Visitor: 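Quick one: the structure is below, and I'll ask about it shortly.
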Amino acid sequence: MLFRQIIALLYIYTGVILRFQFFDFYSIEKGPFTNQVMSVIQNRPVLTYVLHTDIELKIFLCFAFLVGVLLFLGILPSITSFVAMFTYSLLSRRFFPYFYGVDEIIVSVLFVLGFVFLIRLKKEEENKEISILKNPFVLLLLFQTTIIYWFNGVNKTDISWWRGEAVSMAAFNVFFNKPFALNFVNQDTLHAFLTYFTLAFELIFPILIFSKFKSNKLRMIAGFGIIIFHWGIHFFADVTLYKYTGIAFAVLLMPTVFWEKFKFLNKLVIKPLFVLPYALPSSLKAIKIFAFSLSFFLLFKAVNASLFKQNMRYHFIENKTCLLYTSPSPRDRTRSRMPSSA
């Protein structure tokens, strides 16, 4: 539930507040990406057909803000998660030149959260640990988190990572680093350690999450590791909003023993104020099959994206049919060529 609240706040901030804060860049009437400019795009975003004035855009953003508040308060969390996913996705596609990797994470998490809150728990189980057996969609949420970090590690195939030079190269990049990083530009040993640590942490992430051996300790290592990983980089380079999604994932991964030791954190939790009266029981076999199917679907999407990314670098796929299935849409190809801090 606390994970849901953090995601709701990130949704409100990145999806709504930032767009109001920098409205000149998002303006439909006077901004750089007006409907007229977007009309040259093949299969252009849906909102270009719906929103034609800045007033209409502001009304849509206010609606998106209201959805985020409802999700934060836990009012119909399943429905509001799905609605938030659609509104966020529509806005991201409408202004795709400003698309960041963290936007993709928030959209995919909102998708899974919608299923998590479909499960109806018994009253005597509400204050207990929610296991995968009681809510199969928790497995989907953990699996999704694992995919995000593990595939980040798998996709680090550039020789600079295996030589321990990736962090050193970033430290010299004035468009990426921060002034504090300049104090360490000549620390080759430190750069090599941070490079290998980053790569190793991402590659062993599935073990930390799903290992039955000392699972509580490994989960806490994963949770605190994510915070150290993102916030440690934050002092040296711009990681945009990943440091905040990192906090959300760390909260999600902490085992029961952590929450029992720091019970004061439970005061931050807002239990769902109103849930679906016809939520699904977790005992249904079909629910478990559906949860596993969605997990494999996310894995398929991740593998597909990884193949496309690696093929862009190494050109190992020559079959045109395979290229057709691994290539993203024209809009996504355009977005992938644009500079981004993701």
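We number each residue from 1, following the sequence as shown. Computed from a prediction, not measured in an experiment: that's the story for all the values here.
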Visitor: For Ser108 and Ile105, indicate whether the former's side chain and the latter's backbone hold a donor-acceptor pair under 3.5 Å.
Guide: yes

Visitor: Does Phe151 have more than 12 heavy atoms from other residues, nucleotides or ligands lying within 6.0 Å of its CZ?
Guide: yes

Visitor: Taking atom OH of Tyr314 as the centre, does the number of heavy atoms from other residues, nucleotides or ligands within less than 6.0 Å exceed 12?
Guide: yes

Visitor: Run the side-chain contact (heavy atoms from CB on, under 4.5 Å) check on Lys301 and Asn304 step by step: do they pass?
Guide: CA-CA 5 Å; Lys301 294 287 288 183; Asn304 195 58; 5.6 Å; no

Visitor: Same hydrophobic cluster for Leu71 and Val269, using side-chain heavy-atom links shorter than 4.5 Å among ILVMFWY?
Guide: yes

Visitor: To the nearest 0.5 Å, what is the distance between CG on Leu61 and CG on Leu91?
Guide: 6.0 Å

Visitor: Just say parallel, tilted or perpendicular for the rings of Phe262 and Phe258, cut-offs at 30° and 60°.
Guide: tilted

Visitor: Any idea which heavy atoms bring Gln144 and Val112 closest together, and the distance?
Guide: NE2-CG2, 3.5 Å

Visitor: Take the angle between the ring planes of Phe210 and Phe143 and call it parallel below 30°, perpendicular above 60°, tilted in between.
Guide: tilted

Visitor: Has Arg4 got a side-chain atom pairing as donor or acceptor with Ile270's backbone, closer than 3.5 angstrom?
Guide: yes

Visitor: For residues 26-37, which residue pairs qualify under side-chain hydrogen bond (donor to acceptor under 3.5 Å, both in side chains), counting only residues two or more places apart or in two chains?
Guide: Ser27-Asp54, Asn35-Arg94

Visitor: Given Phe33, which partner from the list Phe96, Phe95, Tyr98 fulfils the ring-ring contact (aromatic ring centres under 6.0 Å, His included) test?
Guide: Tyr98

Visitor: Trp231: which residues meet the ring pair (Phe, Tyr, Trp, His ring centres under 6.0 Å) condition with it, sequence neighbours left out?
Guide: His234, Tyr244

Visitor: Which pairs pass salt bridge (charged side-chain N to carboxylate O under 4.0 Å, His left out) with one or both residues in residues 241-266, sequence neighbours excluded?
Guide: none

Visitor: Spell out, as yes or no, whether a donor-acceptor pair under 3.5 Å connects the side chain of Asn135 to the backbone of Ile119.
Guide: no

Visitor: State whether the side chain of Asn311 and the backbone N or O of Leu307 hold a donor-acceptor pair below 3.5 Å, judged by distance alone.
Guide: no

Visitor: Examine Lys58 relative to Phe23 and say whether NZ or CZ is less than 6.0 Å from the centre of the six-membered ring and inside a 45° cone about the ring axis.
Guide: yes

Visitor: Can you name the one residue among Thr80, Leu70, Val69 that meets side-chain contact (heavy atoms from CB on, under 4.5 Å) with Ile75?
Guide: Leu70

Visitor: Test of understanding: with ring pair (Phe, Tyr, Trp, His ring centres under 6.0 Å), list the residues that count as partners of Phe65, not counting sequence neighbours.
Guide: none

Visitor: Take Phe86 and Leu110 through the side-chain contact (heavy atoms from CB on, under 4.5 Å) test and state the conclusion after the steps.
Guide: CA-CA 9 Å; Phe86 280 113; Leu110 289 170; over 6 Å; no

Visitor: Indicate yes or no for a side-chain donor-acceptor contact from Ser293 to the backbone of Ile289 under 3.5 Å, with no hydrogens or angles considered.
Guide: yes

Visitor: Does the Tyr88 side chain pair with the main chain of Tyr11, one donor and one acceptor, at a distance under 3.5 Å?
Guide: no

Visitor: Taking the six-membered ring for Trp, are His230 and Tyr242 parallel (under 30°), tilted (30 to 60°) or perpendicular (over 60°)?
Guide: parallel

Visitor: Strictly distance-based, threshold 3.5 Å: is any side-chain N or O of Ser306 a donor or acceptor partner for the main-chain N or O of Ala302?
Guide: no

Visitor: Counting only N and O atoms by type, is there a donor-acceptor contact under 3.5 Å from the side chain of Trp259 to the main-chain atoms of Met254?
Guide: yes

Visitor: Knowing that exactly one of Ile227, Val109, Ile6 qualifies, which makes a side-chain contact (heavy atoms from CB on, under 4.5 Å) with Phe249?
Guide: Val109

Visitor: Identify, with sequence neighbours excluded, every residue that meets ring pair (Phe, Tyr, Trp, His ring centres under 6.0 Å) alongside Phe205.
Guide: Tyr149, Phe201

Visitor: If only side-chain N and O atoms count, and only distance matters, is there a donor-acceptor pair under 3.5 Å linking Arg313 with Thr157?
Guide: yes

Visitor: For a side-chain contact (heavy atoms from CB on, under 4.5 Å) with Val154, tell me which candidate from Leu199, Val303, Leu203 qualifies.
Guide: Leu203

Visitor: List the residues meeting salt bridge (charged side-chain N to carboxylate O under 4.0 Å, His left out) with Lys156, not counting sequence neighbours, and say none if there are none.
Guide: Glu202

